[in-house]
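As structure tokens, the structure follows; a few thoughts come after it.
Reckoned from all heavy atoms, side chains included, excluding hydrogens, waters and symmetry mates. On a predicted model such as this, the values are computed, not experimentally measured, just so you know.
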Amino acid sequence: AKRLEAAMRRMPEVRKIFTNVGANPDGWPIPTSHTLELNLTFTPHQERAKTLDQLTREVKEIMAQEPGLRVRVSPIGILGSDATVPVMLI
């Protein structure tokens with residue numbers, strides 16, 4: 001988790017990182033020992049040159065460098081926000 005957080009912090013567009021170790025990818029309240037969820041908050045789209053799609057691809061590329069990970073990147077936000085992207089690592 002710490003290595004992935006450090007990699008995400010090197011992206012200048014990342015403002016905040018919330019890490020949830022043991023997050024259940026199916027939404028059940030039962031923790032798992034092999035999952036990790038990173039919620040990234042990016043700078044507002046007016047303050048950055050990259051689109052959310054570009055940032056999503058960049059996150060996937062960075063995560064792909066870690067062996068053995070399956071990565072799912074899902075943009076979320078109220079009313080289609082262009083700021084927060086959670087990254088679930090399974």
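- For R3, the salt bridge (Lys or Arg N to Asp or Glu O under 4.0 Å) partners are E66, not counting sequence neighbours.
- The hydrophobic cluster containing M8 does not contain F18, counting ILVMFWY residues as joined when their side-chain heavy atoms lie under 4.5 angstrom apart, directly or transitively.
- At a threshold of 4.5 Å between non-hydrogen side-chain atoms, the residues I17 and L38 count as touching.
- Partners of R9 according to the salt bridge (Lys or Arg N to Asp or Glu O under 4.0 Å) rule, which considers only residues two or more places apart in sequence or in another chain, do not exist here.
- One finds the CG atom of D53 at 13.0 Å from the CD atom of E58 (value rounded to the nearest 0.5 Å).
- Judged purely by atom type and a 3.5 angstrom limit, E47 has no side-chain atom pairing as donor or acceptor with the backbone of P44.
- Two residues are said to be in side-chain contact when any heavy atoms from C-beta on lie closer than 4.5 Å; L40 and K16 fail this criterion.
- Defined by atom type and a distance below 3.5 Å, a donor-acceptor pair is present between the side-chain atoms of E5 and T19.
- At least one side-chain heavy atom of F42 sits under 4.5 Å from a side-chain heavy atom of M11.
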Take R48 and L55 through the test side-chain contact (heavy atoms from CB on, under 4.5 Å) and record every step on the way to the result. CA-CA 10 Å; R48 56 180 150 85; L55 292 170; 3.6 Å; yes
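- You'll find the side chain of L36 stays beyond 4.5 Å of the side chain of N20, heavy atoms only.
- Summarising the geometry of V21 relative to A1, their closest heavy-atom pair is CG2-CB, 4.2 Å, with the distance given to 0.1 Å.
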